[in-house]
Peer 1: 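Next up is a structure, given as structure tokens.
What you see is a predicted model; the values in this text were computed from it and never measured. Just so it is clear: chains get the letters A, B, ... in the order the sequence lines come, proteins before strands, and each one is counted from 1.
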Amino acid sequence: MNEIYDHKATESRWQDAWRKLHVFEVDAISNKPKYYILEMFPYPSGTIHMGHVRNYTMGDAMARYKAARGFNVMHPMGWDAFGLPAENAAIKHKTHPAKWTYSNIAYMKRQFERMGWLFDWRREAATCAPDYYRWEQLFFIQMLEKGLAYRKLSSVNWCNSCNTVLANEQVEEGKCWRCENDVTTKELTQWFYKVTAYAEELLAGCDKLPGWDERVTTMQRHWIGKSEGAELLFEVADGPKKGVKIPVFTTRPDTVGGVSFLSLAPEHALTLELARGANIEARVAAFVDKVRKIDKIKRSAENFEKEGVALGAHVLNPVTGEKVPVFAANFVLMDYGSGAVMAVPAHDVRDHAFAKKYGLPIKQVIAPLLESGAELPRPVSEAAYTEPGRLVNSGEFTGLTSEDAKRKIPQWLEKKGAGHPTVNYKLRDWGISRQRYWGTPIPIIHCEKCGPVPVPKHELPVVLPEDVEFTGEGASPLSKSAVFVNVPCPKCGALGRRDTDTMDTFVESSWYYLRFCSLPTPDKPFRPEDVAYWGPIDQYIGGIEHATMHLLYFRFFHRVLQDLGWIPAGVAREPATNLLNQGIVYKDGAKMSKSKGNVVDPDSIIERFGADTARLFILFAAPPEKVIEWSDQGVEGSYRFIGRVWRMLQGNISLIQDVKPYAGQQSALNHAEAKKLRTKTHQTIQKVTNDLDHDFRFNTAISAIMELVNEIYSFKVELNDQTGREVLRESIETVVRLLCPFAPHVTEELWRLLGHDSLLTLEKWRDHDAQAVLLDVITIVVQVNGKHRANLTISKDVPKDEIAAMASKDPHVVAHLKDKELVRTVVVPGRLVNFVVK
RNA sequence: GCCGGGGUGGCGGAAUUGGUAGACGCACAGGACUUAAAAUCCUGGGCCUGGAAACGGGCGUAUGAGUUCGAUUCUCAUCCUCGGCACCA
């Protein structure tokens, strides 16, 4: 008997076996149902961290389970290999980003193997390979042709530390998502992907994703930010721009009667125009200049002091015909709606503050609909009343409810050509240009005569040049490669200049799941028939931090590629059916991070306790979507459990090695202890199966197996008890089988010690025996007035009406029923009896 | 401010969706084995309380109400907490 389990030798031996047998290599031909499981691929930073351990252990456990359940499981892996850290490392170590990246990939791939994670490595892809990004360049050109990619000068988010532009999604609380540097704004000409073209569809799709974490769909709904309202036209009444109509967007067209001024964004094209020639022109110009100098991020903070300046001009209220002044105001955003807002101080908090500050009229047009007895809100002269209500002081619309007026006023204006109902979104187009080297080159040549010209498709890929120096200074590193930059215009042949920006790395991760569907295909990004077979992803797993970044982009890209014809029309419109967002790994109350110095290195855990221990701990410590607080003692507990399972088999091997697992009927067992153990065994199968089928409750699945192990420890059997030994063997084999997805190495070894020649990883799952899970003796809870007073152990066959009679005889119950009047008896079959007394 | 989660022992967490609250694990305590320790195996435990013990009694799932024979679970209010968005007109 071998008391000590040698995790090091055992784990590497089985990893070798799995590799040699290519166990997780699958093809798109099978009579089994397909199951595409994918974890968000990692950035090859150098070594794996605990977040990876959690993410990929969950994926691996699911993949192993689903394969055992008879699915044709595709579980691929690759590398999100472009990005800034490679460039920074290049600057620091005087090496090339590619060299750094590929050596990291090699190391991390070994770590993946050491964790026992099984993938179909034939499908591996690194996004920094020209064979990968060339397709992205083609998609770019096709999107350009369809108007889904375009270039514009705009004010963009800029990170001074990363020296590059950031998408809106990459700015978190005014800071860079990567380096946490304060983000500033810059005016730059950039390439954009037109996500807004899909705004409505992406929003509607959120309702059709029942398999997604609701936190994510909620965040995406908010991010898309749909507002229904109206566009109203205010005509300029005086000055040089008399007659020009200024559109404003409002969600409250019912309040239009209360407009007492119009506010324009300082950047609005009309702001300076309207003031032209008036004696206040200089003041307005100074104000605009001042506001522009303040960073947009700071300016858009809610508590930023509201300021404005009158432009001298007036506009006509399209409903009342009233003449109201126009202001420039620092809180009006140029990039939402039309950059102009109708101000209704009586019913909007910001307008109210502004009107108070500048002494502008506050006209009430909405009166609260008060239920009797309700308190009157403060008068509008003191505070804005922002709730809906009934219209007052609104001419022919007086008396309508807000709800009716919101519909009727835009309709009425539409007939007069002064407005119409409309919808606005907060979602902005995705700025994809990055002023960095280590990314996909944007396949464009700028020509003085022809403008931006796409690189002809047959010339793709535009490969990243090698002769680039990494200094960390100045503009795009690519601009320093003369060979790269100076090329003839594909249209006119004159000397042009390549675009020296690269694409946001989120573009690569927007379609890698499609690439994985095919084995490497030199002439295509992927084969449509493979995508038709494997798509969509059945189970996607990754961190919630991507809720409004990657998870939004890849929903967009999936639709674009389907509309471009790359994805067959029959494939679902959503890329992933189910999404699990694993929680973060914490230590000492904070997310593990190098800067906080609270990182636990997975290698050290593998070394000391083995991969199975690491896997078991990370799955057992908390439900998948919750934060895990790292606990060294918890890890030791998982380690102990593996040892306990090992000894359980070692200690019983002489009793079970020459018998088969019990294969008879449950009813044929007459030994009470054996019967009990077998019931527990099959209940455990049922419980674990159920936990894995519903939301992957790994933690409770593992605790159920622990219970079974405890039960086996207390089961005693004699050598001459053949049936008892068979039941014991069945139980022990069950533990090994059920534990395999979580702790595959030790269970593979135990399977071999049980005398099997097969790989446990390739063995089928077991179904529970429906007869065995039924208890023939059940415990009924007996309550008096809802208080637990006794337990009644009876045969499951006792008829309902006899149960109460039996329960009432229990001495404890008798004591509580004494001298009381029995009002009612509640009997829940199989569960409880409750005597209600007075 | 708005939206969405969530408050259960010393800790991580269970509880078949209304039916024995605290499974399983950690930590702790006691015992066995050992010259000893480690490891291992066994036992114990929500809190208060009566009893030498066997065995009872009361209170308990953030707080307060409500529905119900019965509430961690449903309803309302309050407090706290985490996450997201945030001058979006």
Peer 1: Between protein and nucleotides 25-31 of chain B, map the contacts as a letter string: B base, S sugar-phosphate only, - none, heavy atoms under 4.0 Å, written 5' to 3'.
Peer 2: SSS----
Peer 1: Look at A/Arg831 and B/rC69 and indicate whether a side-chain polar atom (N or O) is within less than 4.0 Å of OP1 or OP2.
Peer 2: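 Answer no for this pair, as no side-chain N or O of A/Arg831 is under 4.0 Å from OP1 or OP2.
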Peer 1: May I ask you to verify if any side-chain N or O of A/Ser263 is less than 4.0 angstrom from the OP1 or OP2 atom of B/rA89?
Peer 2: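 For A/Ser263, the contact criterion (side-chain N or O under 4.0 Å from OP1 or OP2 of B/rA89) is not met.
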Peer 1: To the nearest angstrom, how far is A/Leu264 atom CG from B/rC87 atom C1'?
Peer 2: 16 Å
Peer 1: Quantified in whole Å, what is the C1' atom distance between nucleotide B/rC33 and nucleotide B/rU43?
Peer 2: 15 Å
Peer 1: Taking CD in A/Glu214 as the centre, count heavy atoms belonging to other residues, nucleotides or ligands within less than 6.0 Å. Is the count above 12?
Peer 2: no
Peer 1: Syn or anti for B/rG31, please, going by whether the chi angle lies within 90° of 0.
Peer 2: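 Base orientation: anti.
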Peer 1: Identify, residue by residue, the members of residues 821-829 of chain A with a heavy atom below 4.0 Å from RNA chain B, and return them in order of residue number, or none.
Peer 2: A/Arg824, A/Val826, A/Val828
Peer 1: State which of B/rG13, B/rC88, B/rG19 makes the closest approach to the side chain of A/Leu832.
Peer 2: B/rG19
Peer 1: Tell which nucleotide pairs with B/rG66, taking only Watson-Crick or G-U wobble pairs whose two distances are both under 3.5 angstrom.
Peer 2: B/rC74
Peer 1: Starting the side chain at C-beta, find the nucleotide from B/rA89, B/rG84, B/rA86 nearest to A/Met219.
Peer 2: B/rG84
Peer 1: For A/Arg789, answer base if it contacts any base atom (sugar-phosphate contacts may also be present), sugar-phosphate if it contacts only those atoms, and nothing otherwise; contact means non-hydrogen atoms under 4.0 Å.
Peer 2: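 Result for A/Arg789 = sugar-phosphate.
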Peer 1: Taking the six-membered ring for Trp, are A/Trp630 and A/Tyr586 closer than 6.0 Å centroid to centroid?
Peer 2: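 No, the ring of A/Trp630 stays outside the 6.0 Å limit from the ring of A/Tyr586, centre to centre.
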Peer 1: Specify the separation, in whole Å, of atom OH of A/Tyr336 and atom P of B/rA86.
Peer 2: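 Rounded to the whole Å, the gap is 13 Å.
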Peer 1: Output yes when A/Glu200 and A/Lys226 qualify as a salt bridge under the 4.0 Å nitrogen-oxygen rule, no when they do not.
Peer 2: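 Looking at A/Glu200 and A/Lys226, the cut-off is met.
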Peer 1: Using the P atom as the point on both nucleotides, what is the distance between B/rC3 and B/rG9, in whole Å?
Peer 2: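 Here B/rG9 and B/rC3 have their P atoms 29 Å from each other.
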Peer 1: Work out how far the C1' atom of B/rG19 is from that of B/rU73, and round it to whole angstrom.
Peer 2: 11 Å
Peer 1: Take A/Ala622 and A/Thr218, find for each the nucleotide of RNA chain B with the closest heavy atom, and name the residue whose nucleotide sits nearer the 5' end.
Peer 2: A/Thr218
Peer 1: Determine which nucleotide pairs with B/rC85, using a 3.5 Å limit on both distances of a Watson-Crick or G-U wobble pair.
Peer 2: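 Result: B/rG1.
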Peer 1: Let's test this: given Watson-Crick or G-U wobble pairing with both distances under 3.5 Å, identify the partner of B/rU17.
Peer 2: none
Peer 1: If B/rA29 has a Watson-Crick or G-U wobble mate with both distances under 3.5 Å, name it; if not, just say none.
Peer 2: B/rU43
Peer 1: Assuming nearest nucleotide by heavy-atom distance, tell me which of A/Met334 and A/Glu629 is located more 5' along RNA chain B.
Peer 2: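 With A/Met334 and A/Glu629 compared, the 5'-side residue is A/Glu629.
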Peer 1: Between B/rG60 and B/rC48, how many Å separate the two C1' atoms, rounded to a whole number?
Peer 2: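 Looking at atom C1' only, B/rG60 and B/rC48 are 10 Å apart.
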Peer 1: If you only use heavy atoms from C-beta on, which nucleotide in B/rG58, B/rC42, B/rC85 is closest to the side chain of A/Tyr713?
Peer 2: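 Of B/rG58, B/rC42, B/rC85, B/rC42 is nearest to the side chain of A/Tyr713.
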Peer 1: Determine the Euclidean distance between corresponding C1' atoms of B/rA37 and B/rA32; express it in Å to zero decimal places.
Peer 2: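 Looking at atom C1' only, B/rA32 and B/rA37 are 15 Å apart.
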Peer 1: Sort out the partner of B/rC55 for me: Watson-Crick or G-U wobble, both distances under 3.5 Å, none otherwise.
Peer 2: B/rG50
Peer 1: Please report the distance, rounded to the nearest Å, between CD in A/Glu711 and P in B/rC24.
Peer 2: 10 Å
Peer 1: Atom CD of A/Glu169 to atom C1' of B/rG84: distance rounded to whole Å?
Peer 2: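 After rounding, the reported distance stands at 14 Å.
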Peer 1: If you look only at distance, which donor and acceptor atoms sit under 3.5 Å apart when one is on a side chain in residues 620-629 of chain A and the other is two or more places apart or in another chain?
Peer 2:
residue, atom, partner, partner atom, Å
A/Glu629, OE1, A/Gly589, N, 3.4
A/Glu629, OE2, A/Asp588, N, 2.8
A/Glu629, OE2, A/Gly589, N, 3.4

Peer 1: B/rA71 C1' sits how many Å from A/Gln783 CD, rounded?
Peer 2: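 The distance from CD of A/Gln783 to C1' of B/rA71 comes to 12 Å, rounded to the nearest Å.
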Peer 1: For atom C1', what is the distance between B/rC2 and B/rU8, given to the nearest Å?
Peer 2: 30 Å
Peer 1: Taking atom C1' of B/rG84 as reference, at what distance in whole Å does atom CZ of A/Arg221 sit?
Peer 2: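 In whole Å, B/rG84 C1' and A/Arg221 CZ are 14 Å from each other.
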Peer 1: Determine whether a donor-acceptor pair (N or O, by modelled atom type, separation under 3.5 Å) exists between the side chain of A/Thr679 and the backbone of A/Ala772.
Peer 2: yes
Peer 1: Using only side-chain N and O atoms of A/His816, determine if any of them is under 4.0 Å from OP1 or OP2 of B/rG57.
Peer 2: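 It does, given that an N or O in the side chain of A/His816 lies less than 4.0 Å from OP1 or OP2 of B/rG57.
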Peer 1: What's the spacing between A/Met706 CE and A/Thr700 OG1 if we round to 0.5 Å?
Peer 2: 12.0 Å
Peer 1: To the nearest angstrom, how far is A/Ile544 atom CD1 from B/rG84 atom C1'?
Peer 2: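 Checked: the CD1 to C1' distance equals 9 Å.
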Peer 1: What is the distance from CH2 of A/Trp177 to P of B/rG84, rounded to the nearest Å?
Peer 2: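 Taking atom P of B/rG84 as the reference, CH2 of A/Trp177 is at 15 Å.
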Peer 1: May I ask you to verify if any side-chain N or O of A/Asn699 is less than 4.0 angstrom from the OP1 or OP2 atom of B/rA14?
Peer 2: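 So the side-chain polar atoms of A/Asn699 do come within 4.0 Å of the phosphate oxygens OP1 or OP2 of B/rA14, strictly under.
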Peer 1: Can you confirm whether or not the ring centre of A/Tyr358 sits under 6.0 Å from the ring centre of A/Phe261?
Peer 2: no
